[in-house]
There are 2 protein chains.
Amino acid sequence: MDNRTRATTFAGEPCDMSSWDAGNCPVRDVMNQIAGKWSTLILEALAERPYRFGELRRLVPDISQRMLTQTLRDLQRDGYIDRQVFPTKPPSVEYSMTELGHSLFAPLSKVLAWAGDNHAAVKAARARFDASELA
Amino acid sequence: MDNRTRATTFAGEPCDMSSWDAGNCPVRDVMNQIAGKWSTLILEALAERPYRFGELRRLVPDISQRMLTQTLRDLQRDGYIDRQVFPTKPPSVEYSMTELGHSLFAPLSKVLAWAGDNHAAVKAARARFDASELA
DNA sequence: GATTGTTGGTCTCAAAAAGAGACTAGCGCT
DNA sequence: AGCGCTAGTCTCTTTTTGAGACCAACAATC
């Protein structure tokens, strides 16, 4: 029963799908962070130049302070961005992209570009689907 | 006060960040779908060859049926995958990647490859961060 | 001929995540 | 004295996700 499942599913796949379990799958481990709702936006901004907390908040108007804080900390934790505190009178914090972050953003920016180029096609597909749904 | 915010934030940016609002931002509109927790996994599988519902479920062991159904419908809605029902005795359903899906997967696979290549670096950064946190 | 398994889902309920908005503290400006 | 700036945190509500039961028709098994 269990061996049949394996046999049916993984009968010599060319692609390595042998370890898609939560723990040992690199794709999931890495993607689950950068796939967040806000991560790509923040990365896109920081890829261009460093920004401060308040600047990012204004740049992405409808992110909550709470999620911005959390997204930034997650990105920092995974080594994509750096956090630097300047002891000015109201202390300011600057976020900047690390080398690792830039190396990730290289391929990621291609996906972002694809999104821009094919937005119309996606919207069209969506409209078609929704139309056929209300039949 | 409002104009000052704009002036401070968008003082002639080289990158086009003029419309990051929820509605008119292509990046957010497209990415919010493929950035889901499971979307990339399903796309990765379907990029290789078509799969049936149950096969996908077994392939990604810890996805719930509910989320698999929903993820597949979202991907279908955006035009990345096709859904074909075969009227066999217990009717079977096959999901396959469309042209649009493949064209998206081209750049996306580069990011996935990056994730595989740099998984160690990310885990290392994470460990460093966590260590400095419990100070 | 009754049980069991298979198909691809849906439904309900609990848990986790995200969003909205008030609140903090120290300093500058007026 | 009162307000606003900084970068956050805290709480509360709403949304999203996960776990698991249930469905109907048919096939093979016992």
Side-chain angles (χ1 to χ4, degrees), chain A residues 1-9 21-22 28 31-33 35-42 45-46 50-77 81-96 133, chain B residues 1-5 7-9 21-22 28 31-42 45-46 50-77 81-96 133:
Chain A
M1 179 186 288
D2 208 47
N3 48 337
R4 204 173 68 70
T5 299
R6 278 195 54 84
T8 305
T9 312
D21 321 274
R28 288 177 60 174
M31 290 302 288
N32 275 353
Q33 294 303 328
K37 186 174 180 183
W38 305 108
S39 306
T40 48
L41 274 301
I42 303 300
L46 259 29
Y51 278 99
R52 290 176 43 190
F53 186 88
E55 289 178 310
L56 289 170
R57 203 166 84 78
R58 283 185 292 271
L59 198 57
V60 186
D62 45 0
I63 191 174
S64 64
Q65 254 176 328
R66 192 181 153 283
M67 283 315 293
L68 180 55
T69 303
Q70 195 174 103
T71 302
L72 286 170
R73 217 189 343 250
D74 287 348
L75 293 176
Q76 185 198 354
R77 189 171 104 98
I81 65 178
D82 255 342
R83 180 179 184 270
Q84 200 170 182
V85 183
F86 293 99
T88 51
K89 344 305 162 61
S92 68
V93 180
E94 191 182 84
Y95 293 92
S96 58
E133 279 295 283
Chain B
M1 180 186 286
D2 208 46
N3 48 338
R4 205 173 68 70
T5 298
T8 305
T9 311
D21 321 274
R28 287 177 61 175
M31 290 303 288
N32 276 354
Q33 294 304 327
I34 68 179
K37 186 174 178 182
W38 306 106
S39 305
T40 48
L41 274 301
I42 303 300
L46 258 31
Y51 279 100
R52 290 175 43 189
F53 186 88
E55 289 178 311
L56 288 171
R57 204 167 83 76
R58 283 186 291 272
L59 198 57
V60 185
D62 45 359
I63 192 175
S64 63
Q65 252 176 328
R66 193 182 152 284
M67 283 315 291
L68 180 55
T69 301
Q70 196 174 103
T71 302
L72 286 169
R73 216 187 347 247
D74 288 348
L75 293 176
Q76 185 198 354
R77 189 171 104 99
I81 65 178
D82 254 342
R83 180 178 185 271
Q84 199 171 182
V85 183
F86 293 99
T88 50
K89 340 305 161 65
S92 68
V93 180
E94 191 182 83
Y95 293 92
S96 58
E133 278 297 282

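Note on naming: letters A, B, ... go to the chains in the order of the sequence lines (proteins, then strands), and numbering restarts at 1 for each one.
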Would you kindly compare A:Met67 and A:Pro90 by the position of their nearest DNA chain C nucleotide and give the one closer to the 5′ end? A:Met67

To the nearest Å, give me how far apart [atom1] ([X]) and [atom2] ([N]) are.
{"X": "B:Gln65", "N": "C:dT10", "atom1": "CD", "atom2": "P", "value": "10 Å"}
{"X": "B:Leu72", "N": "C:dT10", "atom1": "CG", "atom2": "C1'", "value": "15 Å"}
{"X": "A:Asn32", "N": "D:dT17", "atom1": "CG", "atom2": "P", "value": "12 Å"}
{"X": "A:Leu56", "N": "D:dA7", "atom1": "CG", "atom2": "P", "value": "9 Å"}
{"X": "B:Gln76", "N": "C:dG8", "atom1": "CD", "atom2": "C1'", "value": "14 Å"}
{"X": "A:Arg57", "N": "C:dG19", "atom1": "CZ", "atom2": "C1'", "value": "13 Å"}
{"X": "B:Ile63", "N": "D:dG20", "atom1": "CD1", "atom2": "P", "value": "15 Å"}
{"X": "A:Leu68", "N": "C:dA20", "atom1": "CG", "atom2": "P", "value": "13 Å"}

May I ask you to verify if any side-chain N or O of [X] is less than 4.0 angstrom from the OP1 or OP2 atom of [N]?
{"X": "B:Gln70", "N": "D:dT17", "answer": "yes"}
{"X": "B:Lys37", "N": "D:dG18", "answer": "yes"}
{"X": "B:Trp38", "N": "D:dT16", "answer": "no"}

So A:Met67 and A:Val60, side chain to side chain contact (heavy atoms under 4.5 Å, CB included) or not? Walk me through it. CA-CA 11 Å; A:Met67 283 315 293; A:Val60 186; over 6 Å; no

Do A:Ile42 and A:Tyr51 have side chains that approach each other closer than 4.5 Å (heavy atoms only, starting at C-beta)? no

Any non-hydrogen side-chain atom of A:Leu68 less than 4.5 Å from a side-chain atom of A:Trp38? no

Set of salt bridge (Lys or Arg N to Asp or Glu O under 4.0 Å) partners for A:Arg57, sequence neighbours left out: none

Touch check for A:Tyr95, heavy atoms < 4.0 angstrom, all strands: base, sugar-phosphate only, or nothing? sugar-phosphate

What nucleotide, of D:dT9, D:dC26, D:dA21, holds the atom closest to the side chain of B:Lys89? D:dC26

Of all the nucleotides listed (D:dA19, D:dT9, C:dT7), which has the minimum atom distance to the side chain of B:Ser64? D:dA19

Would you check, one step at a time, whether the test side chain to side chain contact (heavy atoms under 4.5 Å, CB included) holds for B:Leu75 with B:Gln33? CA-CA 7 Å; B:Leu75 293 176; B:Gln33 294 304 327; 5.7 Å; no

No-H, no-angle donor-acceptor pair, A:Arg66 side chain to C:dA18 base, under 3.5 Å: yes

